K.L.:
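Starting off with a structure, shown below.
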Amino acid sequence: MDPVTAMYVAQGMHGLAYGMILFLLASGLTLIFGMMGILNLAHATFFMLSAYLCYQVIAWTGSFWLALLIAPIVTGIIGVLLERFLLRKVHAFGHIGELILTVGVSLVILESVKVFWGTESLPVQIPNVLQGLVTAGGLDYPIYRLFIIGLSLVILIVLMLILYKTRLGMVVRAAVSDADMVDALGINVPLVFMLVFGVGTWMAGVAGVAIAPILTVFPGLADQVGMDAFIVVVVGGFGSLGGALLVAIICGLLNSYGVQFVSQLAPVLMYIFMAIVLVFKPMGLFGERE
Amino acid sequence: MKGKKWLLSIVVVVCCIALLGLSPAMGAKSKFDPSKMGDMSDLDLSNPVIPTGDTIKIAIVASFSGPAAAVGDIYFASVQSVAHDYNKRGGILVDGKKKLVQVIKANHESKVPIAKKVSERMVLQEKVDVLWGTNGSHLMKVINQVADKYKTIAVSAAAVSDELYDAQNFSRYSFMTSISTSQVGRGMAYYYGQVRKKETKFYILCQDYLFGHSIAGGFKAGLKEYYPDAELVGEDYHKLFLTDFAPYLTKVKAAGAEVVYTGDWIPDAANLLVQARQMGLDLPFANLFINNPPFLQQVGIEGTDGLVHIGQIGSDGKAFKTEGQIKYYKAWNDQYPKWKKPFDTTTYEHGTGTIGAYRMQTYWLLDVIERAGSTDPEKIIKVWENDTWEDVNGTVYKMRGIDHKTERDLFIELYVPPEQQKESMNIEPYYWFKDCSNTGPSYKLPADKVTPVMDPKLKDIRKGS
Amino acid sequence: MMNKMLKWILWLAGFVFLILYPKLFGIYYSNVFVTFAIFALYATSYNLLLGYTGLLSFGHAMFFGTGAYGTALALTHISGFPLIPALLAGALAAAILALILCPIMVRVGGTAFAMLHLAFGGLMYVLALKLRHITGGEDGIGGFDIPPFSIPGIVSFDMTDPLQFFYFAMVVLIGSIWILWFFTKTPFGQIMIAVRDNAKRVDYLGFRVPQTKAVIYVFSGAFCGVAGAVYALFQNLISAEDGFHVMTSFAPIMLTMVGGIGSFFGPIFGSAIFGILEELTTRYTERVELVFGLVLIFVIMFAPMGFVGTVKMIKEKWFTRQGV
């Protein structure tokens, strides 16, 4: 590969890696909305919280892998508690209620994080095995970014398998399209909701741990990624995993090739893309339900 | 009649010579004198002693919450340590009364409307004498507006954009004691073009706002002036608080840059450097703000080796040349181990670097107030305009009368592994930090080569006043 | 009769209070009051849409921001531009934006409406951020001359004087709120409420629902623009962050919720509550956001009808007990 091609390929890989992080975050968001109709504005805050937890677990145990296991689970549990004790009660007030509540929760978590960990950037190191670069055909690419792409793909496949090959998945899909009917069939829908919310926040947690070594861990960590993930959900269509995946990758690529070719306007591209899609398909590319 | 005129002109000439002879002498008189320092053995930043009542009030208008909250603590530590010193000396004689110095935190939350509001509260309700600010040129602009409106002294110790003191934004109540973007740019260009003369391919990567463009502009102007052979192979401005720097870094790599010039501050600077090293990009970063110790430690010795930092405080070669410098250093460093959160990180270990610069600027401010003998803004302005003052390292600061910018020597610091840091850190333990690269060789950039730009329009405007 | 008299006395008392306010509380609190009034107008204009038509927008900052930028740009680029036209320029800019958007917006509702606003709001934000030669980007445009309020040959008020600006801002903001209130009392306002409650019936009655929505939409946008314009004059600075950030879009939603949804005066109470809260918290703690977060959670959990709703509920309980 000549250097110029290598550069374009590298940009594609960057787009893919960032897109996959977005997907991990967006998939939880889209599942939660698609199934429960909840606009969870605290979702990105969980992502940030998990990065902090990851830092803490590494500080205690020295193991990134343990952090990758524990931090998202703890985050998921906090998510479940949020759903069970707060969100469920305000569901009756519709989107505005959830909006207010989740904004409130995210402010509280953000401030608590600062109380516990302070405001300086905290370090998370890439584990030794994933350090360094892979060289193939004139292209050097960081192993860790490949790991992120791989990890997200594994999660995506497992998620798809559960959703489309198991009974639980069937229930979840059914509940997405018609919760009342599923409830009438005698299935404990609130429990399923809680589970979905937990899995959604867990995935945000995985994304948080995955990004921690790339970014330093600091309070503003989630601001941009959170907004980008929201765009992915909106454009992909609420409740559509496939839509989220497709749009996440498109957004990632728009971002990296945008920087390459129209550097100054790179951040604008994603919004233009969003505006164009929504003007023609107000419910997003794959969204149907109002 | 004719004879008298002749006599008069002689008198005038003699007076002028006397004045000329006198002014350096006067300049030498006002300086930071470590021997006058109060007893600092009880300096505890985590439990600060802050006097109240009839005091000289300094409001630190900064972010104490939000993404940039850490900087507020750094400012507070710096200013409070100076206030503590003066309070241990018994205060400052102003308007016929010895007064202690009170430091007040004013949280602007990094938001413009809050910055305006909180500055107004400080001026109108707390009746502070000085507004001390801040990170973010747009926020400093607001502070300066408030200072101008309510006739209160403002000090820009941390906002470095030249534009804050151009003809449109200038306020005679505000003084820029910090380095300015044009100085940084010219200084870096001077170092690469006139001192180092090695690398020729530069890439500018800065944040997309006034400061980022301003510091990049300074460098471009500097290259034209001091390094015409240099080639600018790329130029990008990224969003603040960016997540993924990889696309930019790939461009840097493909452009064949030898040096990346950046004005980024943390967390952007941190993410930029970490991701660059992860991508195997081992270029030197010529920077202003990649000097935060915990972050350097995070990147490690290897990753931080070869960084080129430009600073407004420092020394030519060895850091400690006099007993006074050591005393001043120890006054902080000896107390550091007992401080608690958030002052227990390595950011606060030495009290040099950025913190050192803020401390010195605050000493200058208080020295000016002491010499003015008053907190009356008009009297302070009178003393401060065209004032010269010497800091602990013997660097002379000159407050330019026309646009209130400070002329001073700057320092280039090359970051090297711990065992080579003794070139700079020449007392026990002979390194600054043992787990990251830090200042080793350092060079002085003479003040007359790195004067801050002046808006020519200001000359006309200020003549009238 | 008695009731009407009482109302007039209350209005008069309020009027006198406002005139004396700067004298009583000083410049600092006058400025606090101006901020409160700006957000009260912003939230009230927003609530015209949310409360009266049930349309939830996640992007109303674009009208606020456009109003602010309209005024700021006019004053920056046209020297000697007078005050009132500058103010109107802001309002007009916002109204034009609303006019452009309304053909897209009125044909959707619910989530799609909210998300479209999120999208266009976000687009405006990044545009303001990135087109820095026009908007000043992250730093915004500021330092423009604030022209005096003058009727040539008669009077001229210096708008850089905080006191005189206070009165000017009060006239504009309270005047605007009054116009909005008057608007809801017109027959058209009644149709508005009917659209929210049962759009189909309104349609059958022969009123055009999309057109009704469009009129409200533009009206709401224009007055958000007025709020933004006053904001730009007041701060003498407008940046992408203050004008277009998504939190600026959420602000009126929160103010409306805390003040009381479904009541015209709710957002005004909400703005007052947040104003007071901010004054108190910033004095005593750096954890302002924590307090705000807890307040939001508390309100939605225990007083979901907001301040006005809760007061009403307590009042009703009180009266029923009296009746018993």
Side-chain angles (χ1 to χ4, degrees), chain B residues 62-66 69 72-73 76 104-127 136-142 144-146 148-150 159 161 163-164 166-171 207-214 237-241 342, chain C residues 25-36 38-39 68 76 125-126 129-133 135-146 160-162 165 231-232 234-243 245 247-248 251 275 278-279 281-292:
Chain B
S63 51
F64 291 94
S65 66
D73 293 330
F76 175 77
I104 304 172
K105 287 188 197 176
N107 184 6
H108 64 42
E109 302 174 33
S110 298
K111 291 175 195 146
V112 168
I114 310 268
K116 178 174 176 176
K117 203 173 125 157
V118 82
S119 305
E120 281 183 346
R121 179 154 81 229
M122 287 300 134
V123 172
L124 296 170
Q125 298 206 300
E126 303 282 348
K127 310 247 183 283
S137 42
H138 53 311
L139 300 163
M140 194 65 220
K141 211 188 257 181
V142 175
N144 283 350
Q145 282 173 6
V146 172
D148 197 55
K149 197 168 192 173
Y150 302 105
S161 298
E163 286 78 354
L164 287 171
D166 65 11
Q168 199 198 344
N169 294 311
F170 178 81
S171 156
Q207 292 153 322
D208 190 19
Y209 78 117
L210 177 64
F211 161 72
H213 286 269
S214 180
Y237 300 91
H238 66 79
K239 190 178 162 305
L240 280 174
F241 302 114
Chain C
F25 297 100
I27 296 172
Y28 175 72
Y29 283 109
S30 303
N31 286 346
V32 171
F33 199 89
V34 172
T35 311
F36 148 74
I38 289 170
F39 278 92
T76 309
Y125 174 62
V126 285
L129 214 52
K130 282 294 165 184
L131 302 177
R132 64 189 302 278
H133 48 286
T135 60
E138 197 96 35
D139 307 278
I141 25 181
F144 42 84
D145 292 324
I146 308 286
T160 53
D161 175 45
F165 186 82
Y231 180 87
F234 175 59
Q235 298 285 355
N236 194 8
L237 179 79
I238 182 70
S239 68
E241 180 92 13
D242 301 325
H245 194 263
M247 283 319 278
T248 310
E278 193 181 282
E279 267 315 297
T281 48
T282 48
R283 265 155 217 264
Y284 300 108
T285 170
E286 278 146 27
R287 313 232 167 267
V288 183
E289 271 130 355
L290 183 71
V291 176
F292 278 16

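Computed from a prediction, not measured in an experiment: that's the story for all the values here. Basis for what follows: all heavy atoms, side chains included, without hydrogens, waters or symmetry-related copies. Letters A, B, ... mirror the listed sequences (proteins, then strands); counts begin at 1.
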K.L.:
Kindly compute the distance separating NZ (C:K130) from CG (B:D208), expressed to the nearest 0.5 Å.
P.N.:
3.5 Å

K.L.:
Counting only heavy atoms closer than 4.5 Å, note whether B:Q207 contacts chain C via side chain, backbone, both or neither.
P.N.:
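Neither; nothing under 4.5 Å.
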
K.L.:
How far does CD of B:E120 sit from OH of C:Y28, to the nearest 0.5 angstrom?
P.N.:
8.0 Å

K.L.:
Can you tell which part of C:R283 gets under 4.5 Å to a heavy atom of chain B, answering side chain, backbone, both or neither?
P.N.:
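For C:R283, backbone and side chain are both near chain B.
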
K.L.:
Measure C:T160 against the heavy atoms of chain B and call it side chain, backbone, both or neither at under 4.5 Å.
P.N.:
backbone

K.L.:
Can you measure from NZ (B:K116) to CG (C:L237) and round to the nearest 0.5 angstrom?
P.N.:
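Those atoms lie 9.0 Å apart.
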
K.L.:
Run the side-chain contact (heavy atoms from CB on, under 4.5 Å) test on C:E241 and B:V112 for me, step by step, so that the C-alpha distance in whole Å, both residues' side-chain angles and the decisive distance to 0.1 Å come before the verdict.
P.N.:
CA-CA 9 Å; C:E241 180 92 13; B:V112 168; over 6 Å; no

K.L.:
Using non-hydrogen atoms and a 4.5 Å limit, figure out which bit of B:N169 sits close to chain C: side chain, backbone, both or neither.
P.N.:
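For B:N169, neither part sits under 4.5 Å from chain C.
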
K.L.:
Within the structure provided, determine whether C:F234 and B:P113 are in side-chain contact (heavy-atom separation under 4.5 Å).
P.N.:
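The answer is no; the side chains never approach within 4.5 Å.
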
K.L.:
Answer whether the closest heavy-atom distance between the side chains of B:K117 and C:T282 falls below 4.5 Å.
P.N.:
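With C-beta onward as the side chain, the pair stays apart.
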
K.L.:
For chain C, which candidate among B:H213, B:K105, B:Q168, B:K239 shows the most heavy-atom pairs at distances under 4.5 Å?
P.N.:
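Highest number of heavy-atom pairs under 4.5 Å: B:H213.
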
K.L.:
Who passes side chain to side chain donor-acceptor pair (under 3.5 Å) against B:E163, sequence neighbours left out?
P.N.:
B:S214

K.L.:
Under 4.5 Å between any side-chain heavy atoms of B:I114 and C:E278, yes or no?
P.N.:
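A side-chain contact under 4.5 Å exists here.
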
K.L.:
Please state whether the side chain, the backbone, both or neither of B:Y150 comes within less than 4.5 Å of a heavy atom of chain C.
P.N.:
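When you check distances to chain C, only side chain atoms of B:Y150 fall under 4.5 Å.
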
K.L.:
Under 4.5 Å heavy-atom distance to chain B, tell me which part of C:D242 shows up: side chain, backbone, both or neither.
P.N.:
side chain

K.L.:
Is it the side chain or the backbone of B:Q125 that comes within 4.5 Å of chain C heavy atoms, both, or neither?
P.N.:
side chain

K.L.:
Given heavy-atom pairs under 4.5 angstrom as the criterion, report whether the side chain, backbone, both or neither of B:V142 touches chain C.
P.N.:
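Side chain of B:V142 only, per the 4.5 Å heavy-atom cut-off to chain C.
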
K.L.:
Can you name the residues that form a ring pair (Phe, Tyr, Trp, His ring centres under 6.0 Å) with B:H138, not counting sequence neighbours?
P.N.:
none

K.L.:
Looking at every non-hydrogen atom in both residues, tell me the closest pair between B:Q145 and C:Q235 and how far apart they are.
P.N.:
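Scanning both residues, the minimum pair turns out to be OE1-O, 3.9 Å.
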
K.L.:
Could you tell me the separation between the CG atom of B:L210 and the OG atom of C:S239, rounded to the nearest 0.5 Å?
P.N.:
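It comes to 12.5 Å.
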
K.L.:
If you round to the nearest 0.5 Å, how far is NZ of B:K149 from CG of C:N236?
P.N.:
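If I round to the nearest 0.5 Å, the distance is 8.0 Å.
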
K.L.:
Using non-hydrogen atoms and a 4.5 Å limit, figure out which bit of C:V126 sits close to chain B: side chain, backbone, both or neither.
P.N.:
neither

